[in-house]
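Here's the structure, in structure tokens; my notes come after.
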Amino acid sequence: MNAVDADAHLLALKVMRLTRPTLVGLGPIVTCEPKDLPQNFNRLVESDGIARTSAEALGAGQTMLLPQSFGNIYLGETFSSYICVHNCTTHPVEGVSVKVDLQSNSSQINLLMHENKKSSVVLTADETLDDVIRYEVKEIGTHILVCEVNYTSPAGFAQSLRKFFKFQVLKPLDVKTKFYNAEMDEIYLEAQIQNVTTGPFCLEKVELDSSEQYTVTSLNTLPNGESVFTSKNMLQPNNSCQFLYCIKPKADIAKDIKTLREANNVGKLDIVWRSNFGEKGRLQTSQLQRLPFEYKDLRLEVIDAENIVKIGTIFTFQCRVTNTAEHPMKLHVKLDTKVFPGCPYTGSADFELDTLQPGQLSEFPLTICPSKLGLIKVSPLVIVDTLKNEQFIMTKVVEVFVVDADYHQDGTFLLNKLIRYENPIDSLLQKQMQLQVV
């Protein structure tokens with residue numbers, strides 16, 4: 001960006017954007033035999049202390065190219081520009097002041113103000129007044145850099161010189177988010193970040209800054225602290241990368257159902273990246289809002305349960321029921337397996353809980369005995385509010401994986417327990433094998 005005043009002004013105004021060079025590839029390098037080179041070239045290479053052997057045959061890869069145009073500016077990057085006011089005359093110019101503003105669609109920001117109220121600024125012949133301005137761009141769309149120079153002519157008249165430089169701020173990232181509501185008030189956020197610039201960049205930081213009502217756990221690192229990404233989050237143009245976070249309400253919020261329903265803002269994504277020359281950019285999203293929790297008048301949670309149990313052993317899990325209605329409840333809990341033929345477990349429950357006021361909760365254990373292998377689902381659990389004679393049927397209470405009684409903690413069990421063999425020789429050989437369950 002370069003501008004020189006074309007009118008008969010005493011001062012010249014130049015504005016140049018400061019940006020880093022780009023890498024460009026060269027065409028094929030034509031090499032030749034050493035005997036075909038000029039003799040003085042060989043002597044120069046031999047006398048060069050840092051030249052390598054056969055340096056005349058090395059081909060260049062990429063070179064740095066200085067900016068030939070204004071280039072692209074992306075949201076979140078820092079806009080830097082060099083402002084220069086030069087006295088082109090042979091006599092001093094008094095009362096010099098410089099003002100630089102950046103206008104966008106919604107705001108006007110002052111970036112530079114060179115003005116001395118106590119004594120006027122004087123530029124002698126061929127003298128220059130310059131400065132560098134920097135601003136982190138925070139809005140997409142058209143921006144106008146307004147540069148204004150005021151001075152006093154030798155005849156004492158006030159003169160003004162203004163220049164306008166228009167440029168577009170583009171979107172560097174495309175951020176897509178998806179929420180998943182899980183049990184126990186947990187929320188999972190999947191964030192997909194796509195590079196929509198014309199060059200590659202490295203994602204330096206992608207974090208979810210939680211709001212006051214929630215806590216956030218990043219699921220993008222291994223237990224040893226290493227990132228799950230092997231390429232240092234380098235994104236080529238149009239490529240994308242996914243990040244996962246677990247969000248939980250704080251203890252005082254989780255206990256109050258009314259407050260939890262109103263706590264929609266979970267936090268903001270803070271994204272920092274660097275270009276191939278280390279130029280830094282940063283974006284922060286607006287407050288992300290979770291999906292609403294669909295609570296009925298009664299809420300059931302399983303707060304403690306094992307994932308794997310052996311067949312024929314007692315399986316006990318802890319439940320919590322919460323009155324989310326606006327009236328008290330007297331609950332009768334019933335789990336009956338006799339009325340369901342082919343049920344993969346045995347066991348029953350039939351008891352009453354104390355009266356629950358609105359917002360109160362109660363915890364109770366349930367016990368079954370699995371009778372079939374595989375993944376089984378404990379359901380349904382029938383809960384009746386005896387005060388209003390209202391029935392709640394919980395179609396999915398808990399799921400558990402039932403394994404053979406010979407199952408070991410390291411995940412192995414005998415293969416002959418699972419496979420029938422017709423060949424006695426194969427049976428004897430295969431009995432020595434073990435199957436690794438992953």
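The figures here come from the full heavy-atom set of this structure, side chains too, leaving out hydrogens, waters and symmetry mates.
In this structure the side chain of Leu145 reaches within 4.5 angstrom of the side chain of Ile133, judged on heavy atoms. Within the 4.5 Å cutoff, no side-chain heavy atoms of Tyr245 are placed close to those of Ile187. You'll find the side chain of Val333 stays beyond 4.5 Å of the side chain of Val321, heavy atoms only. In this structure the side chain of Ile311 never reaches within 4.5 angstrom of the side chain of Lys372, judged on heavy atoms.
Taking Ser160 as the reference, Glu148, Asn150, Arg162 meet the side chain to side chain contact (heavy atoms under 4.5 Å, CB included) condition, with sequence neighbours excluded. With sequence neighbours excluded, the residues that form a side chain to side chain contact (heavy atoms under 4.5 Å, CB included) with Gln318 are Ile303, Asp304, Glu363, Pro365. For the side chain to side chain donor-acceptor pair (under 3.5 Å) test, residues two or more places apart in sequence or in another chain that qualify with Asn265 are Gln289. For the side chain to side chain donor-acceptor pair (under 3.5 Å) test, no residue two or more places apart in sequence or in another chain qualifies with Thr217. For Thr313, there are no side chain to side chain donor-acceptor pair (under 3.5 Å) partners, not counting sequence neighbours. Shown here are the ring-ring contact (aromatic ring centres under 6.0 Å, His included) partners of Phe315, two or more places apart in sequence or in another chain: Phe317. Evaluation of the ring-ring contact (aromatic ring centres under 6.0 Å, His included) rule for Tyr180 yields no partner, not counting sequence neighbours. Thr285 is linked by a side chain to side chain donor-acceptor pair (under 3.5 Å) to nothing, counting only residues two or more places apart in sequence or in another chain. Residues meeting the ring-ring contact (aromatic ring centres under 6.0 Å, His included) test with Tyr74, sequence neighbours left out: none. His143 meets the ring-ring contact (aromatic ring centres under 6.0 Å, His included) test with Phe167; sequence neighbours excluded.
Once rounded to the nearest 0.5 Å, the distance linking CG of Leu288 with CZ of Phe179 reads 5.0 Å.
For Leu13 against Val149, the heavy-atom pair with the smallest separation is CD1-CG2, 4.2 Å. Val402 approaches Pro370 most closely through the heavy-atom pair CG2-CB, 3.6 Å. Between Ser218 and Asn220, the shortest heavy-atom distance links the atoms OG-ND2, 3.1 Å. Here the closest non-hydrogen pair linking Lys310 and Asp404 is CG-O, 4.0 Å. The two residues Glu94 and Val122 make their nearest non-hydrogen contact at CG-CG2, 3.9 Å.
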| Checking side chain to side chain contact (heavy atoms under 4.5 Å, CB included) for the pair Val400/Glu306: CA distance, chi angles, key distance, verdict? | CA-CA 7 Å; Val400 62; Glu306 295 182 4; 5.6 Å; no

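The side chain to side chain donor-acceptor pair (under 3.5 Å) pairs that include a residue from residues 122-131 are Tyr82-Asp130, His86-Asp126, His86-Thr128, His114-Asp131, Thr124-Glu127, where partners are two or more places apart or lie in different chains.
Here Glu186 pairs with Lys248 in a salt bridge; the nearest charged N to carboxylate O distance falls below 4.0 Å.
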Let me have the donor-acceptor pairs involving side chains of residues 199-207, under 3.5 Å, with sequence neighbours excluded, atom names and distances please.
| from | atom 1 | to | atom 2 | distance (Å) |
| --- | --- | --- | --- | --- |
| Glu204 | OE1 | Arg274 | NE | 2.6 |
| Lys205 | NZ | Asp270 | OD2 | 3.0 |

